[in-house]
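The model shown is predicted, which means the values in this text are computed figures rather than measured ones.
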Amino acid sequence: MRIAVLGSGANGASIGADLTQAGLDVTLIEQWPAHVEAMRATGLTIRMPDRELHVQPRTMHLCEVATLKQPFDVVLMLMKAYDSRWAAQLIEPYLAADGIVAGVQNGMSTRTIAEVVGVERTMGTVIEISSTMTDPGEVHRHSGPDRSWFAVGALAGGPVGREEEVASLLRHSGTVSIVDSIEATKWMKLVSNSTVLVPTAILGLPMADAIEVDGMRELMLAAGQEALDVGRALGHPVLPIFGLTPEDVQRPEEVVETLLDTLYRGFVLPGATTTVLQDWSKSRHSEVDDINGTVVAEGARTGIPTPVNSAVVALAHRIESGELEPSPSLVTELRRALG
């Protein structure tokens with residue numbers, strides 16, 4: 001099996017390192033030139049709380065994809081959600097006729113990928129890994145394989161029955177659940193992301209510190225509840241993620257709090273920041289429009305009010321425009337949306 005990791009930033013490099021360590025035929029494709037050159041020169045180092053992994057992976061710059069002579073059987077896409085379409089278009093000519101692209105991403109990107117490569121070659125996934133990278137060739141992975149989680153599932157009309165091909169790869173990096181309704185499962189992750197990723201980034205704090213700010217937990221739960229309500233209006237069932245059971249999510253009024261507590265108890269480590277805050281620290285556009293922005297857009301379409309998510313999106317846009325800096329003081333402005 002010829003495997004590509006398309007997007008080899010912190011999470012992609014972590015997964016790519018695990019696959020390389022396992023002796024699989026994997027190529028890491030990345031858009032940060034210095035990162036590719038560092039991996040080629042001195043290898044890739046993944047620093048975890050309990051150990052360190054160093055590998056010498058096969059790498060490619062994005063511009064070198066055009067030199068490929070053999071197609072990939074599986075492409076694990078770990079690009080930002082907003083990069084999904086062009087990234088799928090980039091790799092589609094180099095995907096085997098019976099190959100699979102798995103969007104190992106935040107956001108509801110599975111159908112976007114399917115529109116490019118075909119639903120029959122698309123696999124949906126959910127990812128829960130915490131990692132950061134500031135220096136090329138070096139990743140700080142806060143949650144090792146024992147604290148990382150994935151879900152894998154096909155869309156209707158997709159490669160049903162082939163989930164194990166992707167799951168078997170991701171098991172090198174964490175626990176994997178194979179699910180029947182991947183879009184509903186991805187929406188449940190969107191609920192969790194809406195609760196945590198952008199709201200805590202707005203405060204400019206690690207996740208574990210942000211939730212301790214006065215009034216922040218209430219606001220986070222309100223953002224997640226809006227996302228859950230919108231998902232139910234869209235027809236998505238409430239499903240367990242993060243290794244929870246159906247019994248754990250039986251009470252709709254407690255689901256968001258259960259997800260939040262499970263995330264913080266099992267996956268959030270001291271000092272870990274969200275991918276959104278990491279993007280802002282590098283002056284990069286974040287996935288706010290693909291997370292809280294999706295809740296707002298779908299809420300407007302289904303008639304579900306989303307004042308908290310709307311406030312989150314508005315503040316995030318002001319931060320990205322340079323008008324504001326992330327700060328704990330912004331919790332006051334966020335809380336105005338609670339009424």
Under the criterion side chain to side chain contact (heavy atoms under 4.5 Å, CB included), I'd like the reasoning laid out for Glu128 against Leu263: C-alpha separation, chi angles, the key distance, then a yes or no. CA-CA 9 Å; Glu128 183 54 49; Leu263 179 72; 3.6 Å; yes
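- Considering CZ of Phe267 and OG of Ser192, their distance stands at 9.5 Å, rounded to 0.5 Å.
- For the residue pair Ser84 and Gln105, a side-chain donor N or O sits within less than 3.5 Å of a side-chain acceptor on the partner.
- By the 4.0 Å N-to-carboxylate-O rule, Asp279 lies close enough to Lys80 to be salt-bridged with it.
- Across all non-hydrogen atoms, the minimal contact from Val312 to Pro199 is CG2-CG, 4.1 Å.
- Residues Leu76 and Val119 do not share a hydrophobic cluster, clusters being chains of Ile/Leu/Val/Met/Phe/Trp/Tyr side chains in contact below 4.5 Å.
- Note on Arg58 versus Asp25: salt bridge recorded, some NZ/NE/NH1/NH2 to OD/OE distance being below 4.0 Å.
- Contact record, Ala151 with Ile182: O-CD1, 4.3 Å, taken as the closest heavy-atom pair.
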Start with the C-alpha distance between Arg162 and Asp98, add both sets of side-chain angles, then the distance that settles salt bridge (charged side-chain N to carboxylate O under 4.0 Å, His left out), and finish with yes or no. CA-CA 11 Å; Arg162 298 182 62 189; Asp98 60 348; 5.0 Å; no
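- When atom types are taken as modelled, the side chain of Glu163 and the backbone of Gly161 share a donor-acceptor pair closer than 3.5 angstrom.
- Under the 3.5 Å distance criterion, with hydrogens and angles disregarded, no donor-acceptor pair is assigned to the side chains of Gln31 and His61.
- Classification of Glu257 and Arg251 as a salt-bridged pair fails, no side-chain N sitting under 4.0 Å from a carboxylate O.
- Using a cut-off of 4.0 Å between Lys/Arg side-chain N and Asp/Glu carboxylate O, Arg111 and Glu183 are scored as salt-bridged.
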Trace of the side-chain hydrogen bond (donor to acceptor under 3.5 Å, both in side chains) decision for Thr258 with Asp248: CA-CA 8 Å; Thr258 297; Asp248 293 324; over 6 Å; no
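- Judged by distance alone, the side chain of His54 and the main-chain N or O of Thr42 form a donor-acceptor pair under 3.5 Å.
- Residues Met133 and Trp32 are in side-chain contact: their nearest non-hydrogen atoms beyond the backbone lie under 4.5 Å apart.
- A donor-acceptor pair under 3.5 Å is formed between the side chain of Arg2 and the backbone N or O of Pro71.
- Rounding to the nearest 0.5 Å places CD1 of Ile127 at 7.0 Å from NZ of Lys189.
- For the atom pair CG of Leu6 and CG of Leu95, the computed distance is 11.0 Å after rounding to the nearest 0.5 Å.
- Across Gly224 and Thr195, no two heavy atoms sit closer than the pair CA-OG1, 3.1 Å.
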May I have the step-by-step check of side chain to side chain contact (heavy atoms under 4.5 Å, CB included) for Met188 and Val255, ending in yes or no? CA-CA 10 Å; Met188 291 303 298; Val255 167; 3.9 Å; yes
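- Counting heavy atoms of neighbouring residues, nucleotides and ligands inside a 6.0 Å radius, atom CZ of Arg232 does not exceed 12 of them.
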Residues Ile211, Met220; criterion side chain to side chain contact (heavy atoms under 4.5 Å, CB included); working and verdict: CA-CA 8 Å; Ile211 199 172; Met220 292 165 68; 3.9 Å; yes
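- Ring to ring, Tyr94 and Phe72 are not that close: their centroids are 6.0 angstrom or more apart.
- Under 3.5 Å, the side chains of Ser286 and Glu320 contain a donor-acceptor pair of N or O atoms.
- Asn193 contributes no side-chain N or O that, together with a main-chain N or O of Ile291, makes up a donor-acceptor pair within less than 3.5 Å.
- The heavy-atom pair separating Ala114 from Thr122 by the smallest distance is CA-OG1, 3.2 Å.
- With salt bridges taken as basic N to acidic carboxylate O contacts below 4.0 Å, one links Arg171 and Glu164.
- With hydrogens and angles ignored, the 3.5 Å screen pairs no side-chain donor or acceptor of Arg85 with any backbone N or O of Ile113.
- With hydrophobic clusters built from ILVMFWY side chains whose heavy atoms lie under 4.5 angstrom apart, Met77 does not share a cluster with Val26.
- Side chain of Ser194 to main chain of Ala227: no donor-acceptor pair is present (N/O by atom type, distance under 3.5 Å, no hydrogens or angles).
- By the 4.5 Å heavy-atom criterion applied to side chains, Leu277 and Thr200 are not counted as neighbours.
- Follow the hydrophobic side-chain contacts under 4.5 Å out from Val179 and you never reach Phe150; the two are in separate clusters.
- Between Val308 and Ala222, the shortest heavy-atom distance links the atoms CG2-CB, 4.0 Å.
- Side-chain contact check for Thr27 versus Val5: every heavy-atom pair is 4.5 Å or farther apart.
- A heavy-atom distance below 4.5 Å is not found between the side chains of Thr274 and Gln278.
- When all heavy atoms of Leu239 and Ser181 are compared, the closest pair comes out as CD1-O, 4.0 Å.
- Counting only heavy atoms from C-beta outward, the side chains of Ile29 and Ile91 approach each other to under 4.5 Å.
- Glu64 has a carboxylate O that lies under 4.0 Å from a charged side-chain N of Arg40, or vice versa, which qualifies the two as a salt bridge.
- Residues His317 and Asp289 have side chains that bring a donor and an acceptor to within less than 3.5 angstrom of each other.
- Judged purely by atom type and a 3.5 angstrom limit, Arg121 uses its side chain to pair as donor or acceptor with the backbone of Ala96.
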Under the side chain to side chain contact (heavy atoms under 4.5 Å, CB included) criterion, do Arg335 and Thr332 qualify, and how do the steps go? CA-CA 5 Å; Arg335 283 184 55 80; Thr332 302; 6.0 Å; no
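- A salt bridge is defined here as a Lys NZ or Arg NE, NH1 or NH2 lying under 4.0 Å from an Asp or Glu carboxylate O, and Arg318 with Glu325 fails to meet this definition.
- One distance of note links CE of Met108 with CD of Glu298; it measures 8.5 Å at 0.5 Å rounding.
- Interatomic distance, Ile319 CD1 to Trp280 CH2, rounded to the nearest 0.5 Å: 4.0 Å.
- For the residue pair Asn11 / Ser131, a side-chain donor-acceptor distance below 3.5 Å is found, with atom types taken as modelled.
- Between Leu334 and Leu203 there is a side-chain heavy-atom pair separated by less than 4.5 Å.
- Ring pair Tyr82/His285 is tilted by interplanar angle, where 30° to 60° counts as tilted.
- Both Val295 and Ile241 belong to a single network of hydrophobic side chains, linked directly or stepwise wherever heavy atoms of I, L, V, M, F, W or Y lie under 4.5 Å apart.
- Within a 6.0 Å radius of CG in Asp214, other residues, nucleotides and ligands contribute 12 heavy atoms or fewer.
- At least one donor-acceptor pair closer than 3.5 Å links the side chain of Arg147 to the backbone N or O of Gly266.
- How far CD1 of Ile3 is from OG1 of Thr20: 9.0 Å, rounded to the nearest 0.5 Å.
- Counting heavy atoms from C-beta on, the side chains of Pro240 and Thr245 never come closer than 4.5 Å.
- The hydrophobic clustering, which links ILVMFWY residues whose side-chain heavy atoms are closer than 4.5 Å, places Leu315 and Leu219 together.
- For the pair Lys186 (side chain) and Gly124 (backbone), a donor-acceptor distance under 3.5 Å is absent.
- The closest side-chain heavy-atom distance from Ile129 to Ile15 is below 4.5 Å.
- No side-chain donor-acceptor contact under 3.5 Å links Glu120 to the backbone of Gly158.
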